[in-house]
Amino acid sequence: MADLPVPTLPWAHPLESRRARLEDVSAVRQELSAPVAAVDLRLDPAGAGPAAVAAVVGGPLPERPDTWTALPAGLALRLGPDEWLLTSSRARPEDWEFGVDEAALAHGGSAVDVSAQRTSLRLRGQRARDLLASCCALDLRPASFPRGRCAQTLLGQSAVLLVAHDTDDLQLFVRTSFAGYVADLLVDAAHDF
Amino acid sequence: MQLISCPWCGPREEVEFSYGGQAAVAYPEHPAALTDEQWARFVFFRDNPKGPFAERWVHAAGCRRWFTAVRDTRTHRFVSPSEVTS
């Protein structure tokens with residue numbers, strides 16, 4: 001029998017259907033971020049665990065609460081006292097999980113692939129912080145939310161993970177099923193700008 | 001809106017938290033040995049003080065960690081545990 005091509009579903013951003021509406025907003029440039037491999041790491045912060053994982057992912061894990069550090073192809077975000085989110089735009093999700101899990105396991109930790117859990121939106125522009133602040137209670141002024149900070153909080157009714165890349169460059173991670181709500185909320189809020 | 005101070009994330013709005021009831025309710029050492037009334041007392045009966053009350057809270061929309069906080073039930077003001085001992 002002839003080899004038939006295996007049908008695969010092409011990947012589409014969960015907000016693909018809202019791309020035009022997001023691009024219509026002129027005050028703040030809202031880009032749909034490409035998917036990344038992401039693992040949720042649970043590990044005792046004391047001891048040699050974090051250093052062992054850092055050697056595998058190629059960069060140090062953030063030490064202070066609600067901060068992130070850059071990895072060669074992604075981010076290491078501190079989500080809790082014993083919890084990190086490690087992303088990579090280069091690695092395959094299963095390889096990323098396997099590598100981190102192997103390092104964490106030796107120190108009593110674990111890593112789980114959560115690549116499909118969140119989707120991401122990048123907000124750029126001078127009004128990006130104002131736009132987020134219109135539906136978020138956190139103090140997002142550059143002085144208290146500078147580059148290097150991240151925070152899990154509520155944006156409208158939805159839980160989000162905010163990442164400050166720069167004064168006018170923020171990234172927003174949101175659960176895939178809530179992404180439509182958040183995008184609609186931001187487009188609506190941007191009418192005021 | 002009232003701010004609650006999460007030990008990990010710092011002060012956040014009240015809506016990000018969920019309430020977990022009275023803190024330090026010890027699980028019975030020998031549950032099987034309890035009478036129905038004693039079991040009901042463990043499961044359902046809680047203190048209801050007028051004043052400082054040690055409670056469990058979870059930062060549900062943030063770091064998802066449980067912590068114990070002392071709240072004055074008259075004023076809803078959160079006090080540090082050291083304040084309540086006097």
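Hydrogens, waters and symmetry mates play no part in the numbers below; they use all other heavy atoms, side chains included. Naming: A, B, ... by sequence-line order, numbering from 1 per chain.
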Worksheet item: When the ring planes of Phe17(B) and His59(B) are compared, do they come out parallel, tilted or perpendicular, using 30° and 60° as the limits?
Response: parallel
Worksheet, complete the sentence: When the 4.5 angstrom heavy-atom criterion is applied to Leu161(A) and chain B, the contacting part is neither
Discussion item. At a heavy-atom distance under 4.5 Å, which candidate from Glu13(B), Glu16(B), Arg65(B), Arg12(B) has the highest pair count against chain A?
Written reply: Arg65(B)
Worksheet item: Most heavy-atom pairs under 4.5 angstrom with chain B, which of Ser158(A), Pro65(A), Ala151(A)?
Response: Pro65(A)
Worksheet entry | Candidate pair Arg21(A) and Asp184(A), rule salt bridge (charged side-chain N to carboxylate O under 4.0 Å, His left out), full reasoning | CA-CA 9 Å; Arg21(A) 290 170 64 190; Asp184(A) 291 345; 3.6 Å; yes
Worksheet item: Measuring heavy-atom distances to chain B, does Asp139(A) have an atom under 4.5 Å in its side chain, in its backbone, in both, or in neither?
Response: neither
Worksheet item: Under 4.0 Å between a Lys/Arg side-chain N and an Asp/Glu carboxylate O for Arg77(B) and Asp72(B)?
Response: no
Worksheet item: Quick one: are the ring centres of Phe78(B) and Trp57(B) less than 6.0 Å apart?
Response: yes
Fill in: Side chains of Gln2(B) and His76(B), donor plus acceptor under 3.5 Å
no
Worksheet, complete the sentence: Applying a strict 4.5 Å limit to non-hydrogen atoms, the region of Leu79(A) in contact with chain B is backbone
